[in-house]
Amino acid sequence: MKLHHITIKGDGPLNEDALIFNDQQSIFGVADGVSSLVPFASNENLSGGYIASHTVKDALESMDSGGQSLYGALTRINEHLHMKMTEYQIDSNRKEELWGTAVAAVRVQDNGIEFIQTGDCMILAVYESGEVRPLTRLQVEHLEEAAIEMWRECIRQGFRTKDEIMPHVKEQLIANRQLSNAEGGYGVLNGKPEAVKYFEYGKFNKVGLTHLILLTDGLFLPAESIPEGESYWEFIASSILEKGIGEYAADLIDLEESDPECITYPRFKKSDDKASIIIDFEL
């Protein structure tokens, strides 16, 4: 088993994505911090999203017992996040004040792979046959698509900068946040007890498995860049494995730099934080 990984800061002042490595327990993961819509900084000038993703990182990396499931671990981490926000006097009833994190993590075992996910991080399993099996789905896709369509409509109306478009989309993004860990919404680890209801988790065997790809949404390609007729996740997986994660990320950043105002490839920021771990089972 060989690991390849990368993390790159996006437009923000901090990289709120985190890589998770616990070699002793064979636990590996990525986390994508989500900052509050209300301005917040800790005494160390850290954002809520950074604190949340690194709370997950620190907890999973310090696990020293195979007796605890990833579900149990994330449940306790969620409770710890709630306690941290309480210390900072965050009102847990106001979702716009909450910070949190998306997570995708796996534990490699002799007889299979345990996995867990919430939010919009992804886990892709790749097999000897070439099959690409998404183990998870984008929990926020149905909500973000509505906001992206509003972005496209602004472009059709002649807007040509992010600063012009964002005010027309911001209310939709705020409304989306109210649907975190709610019916018709999406899951995110944000300290609310409902968060555990939106975990996707399980276990599968390793027969024929060659690679696991874990990645945050900053490494997703714009839908407009996928060749017509290609499967989205198959194209991403094959691109990562053919190029290597470093070259793949560099090419994506070049694409983002070519479209700084997010017009050709509609999105909410020029460049998001990026994190990925590739687990290679081929010897």
Side-chain angles (χ1 to χ4, degrees), residues 6-17 32-39 47 49 95-96 100 102 119-122 124 134 136-180 182 184-188 215-240 243 247-276:
I6 195 168
T7 185
I8 303 169
K9 186 180 78 69
D11 292 344
L14 291 171
N15 184 353
E16 295 183 332
D17 285 8
D32 179 357
V34 181
S35 284
S36 58
L37 298 176
V38 176
S47 67
K95 288 187 176 181
E96 64 273 18
D120 53 3
C121 295
M122 284 296 291
L124 306 175
T136 53
R137 60 187 292 273
L138 298 181
Q139 295 196 30
V140 300
E141 185 176 31
H142 63 296
L143 299 175
E144 285 196 345
E145 183 53 37
I148 287 290
E149 185 51 39
M150 294 172 72
W151 194 283
R152 293 190 187 106
E153 180 57 30
C154 288
I155 294 170
R156 288 191 286 267
Q157 292 178 14
F159 295 100
R160 287 295 176 267
T161 69
K162 296 194 305 291
D163 289 344
E164 289 177 315
I165 297 173
M166 185 54 77
H168 298 271
V169 177
K170 191 171 183 179
E171 287 303 316
Q172 181 65 47
L173 297 177
I174 292 172
N176 288 353
R177 185 65 66 93
Q178 298 303 315
L179 291 172
S180 61
Y186 62 97
V188 65
L215 64 169
T216 63
D217 64 345
L219 283 165
F220 300 169
L221 296 175
E224 293 83 357
S225 72
I226 305 296
E228 188 174 354
E230 292 269 6
S231 161
Y232 184 80
W233 295 118
E234 286 181 12
F235 184 81
I236 285 181
S238 62
S239 296
I240 289 172
K243 295 179 178 181
E247 184 179 338
Y248 172 92
D251 287 350
L252 176 54
I253 290 170
D254 286 344
L255 181 149
E256 292 170 340
E257 292 291 339
S258 75
D259 182 37
E261 297 299 335
C262 309
I263 302 300
T264 304
Y265 306 107
R267 58 202 192 280
F268 306 127
K269 60 181 76 171
K270 183 185 79 171
S271 186
D272 199 0
D273 299 332
K274 297 169 171 55
S276 177

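Quick note: residue numbers are just sequence positions, from 1.
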I'd like to know if the side chain of [X] reaches the main chain of [Y], judged simply by a donor and an acceptor atom lying under 3.5 Å from each other, with no hydrogens or angles considered.
| X | Y | value |
| --- | --- | --- |
| Arg160 | Ile263 | no |
| Gln139 | Gly187 | yes |
| Asp273 | Lys9 | no |
| Ser238 | Glu234 | yes |
| Tyr248 | Ala237 | no |
| Trp151 | Lys162 | no |
| Ser276 | Leu215 | no |

Fill in: Rounded distance (nearest 0.5 Å) linking atom SG of Cys262 with atom CZ of Phe268
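Cys262 SG to Phe268 CZ: 9.5 Å, rounded to 0.5 Å.
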
Worksheet item: Can you tell me how far the CD atom of Glu153 sits from the CZ atom of Arg156, to the nearest 0.5 Å?
Response: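 It is 4.5 Å, given to the nearest 0.5 Å.
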
Side chain to side chain donor-acceptor pair (under 3.5 Å) partners of [X], counting only residues at least two apart:
| X | result |
| --- | --- |
| Glu256 | Ser271, Lys274 |
| Glu164 | Thr161 |
| Arg267 | Asp259 |
| Lys269 | none |

Worksheet item: Of the non-hydrogen atoms in Arg152 and Pro266, which two are nearest, and what is the gap between them?
Response: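 Here Arg152 and Pro266 meet closest at CG-CG, 3.9 Å.
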
Discussion item. Give me the atom names and distance for the closest heavy-atom approach of Leu173 to Ala147.
Written reply: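 Looking at all heavy atoms of both residues, the closest pair is CD2-CB, 3.9 Å.
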
Worksheet item: Salt-bridged, Lys270 to Glu257, with N to O below 4.0 Å?
Response: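 Looking at Lys270 and Glu257, the cut-off is met.
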
Fill in: Candidates Thr7, Asp32, Asp120, Asp17 - the one meeting side chain to side chain donor-acceptor pair (under 3.5 Å) with Thr216
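Filter result, single survivor: Asp17.
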
Worksheet item: Listed by chain and number, what are the ring pair (Phe, Tyr, Trp, His ring centres under 6.0 Å) partners of Phe220, not counting sequence neighbours?
Response: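 Partners of Phe220 under the ring pair (Phe, Tyr, Trp, His ring centres under 6.0 Å) test: Trp233.
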
Worksheet item: Got a sec, which pairs hit side chain to side chain donor-acceptor pair (under 3.5 Å) with one end in residues 166-175, sequence neighbours left out?
Response: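 Output for this query lists Gln172-Asn176.
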
Worksheet item: Any luck finding a side-chain donor-acceptor pair between Glu16 and Ser35 under 3.5 Å?
Response: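 Yes, side-chain donor-acceptor contact under 3.5 Å.
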
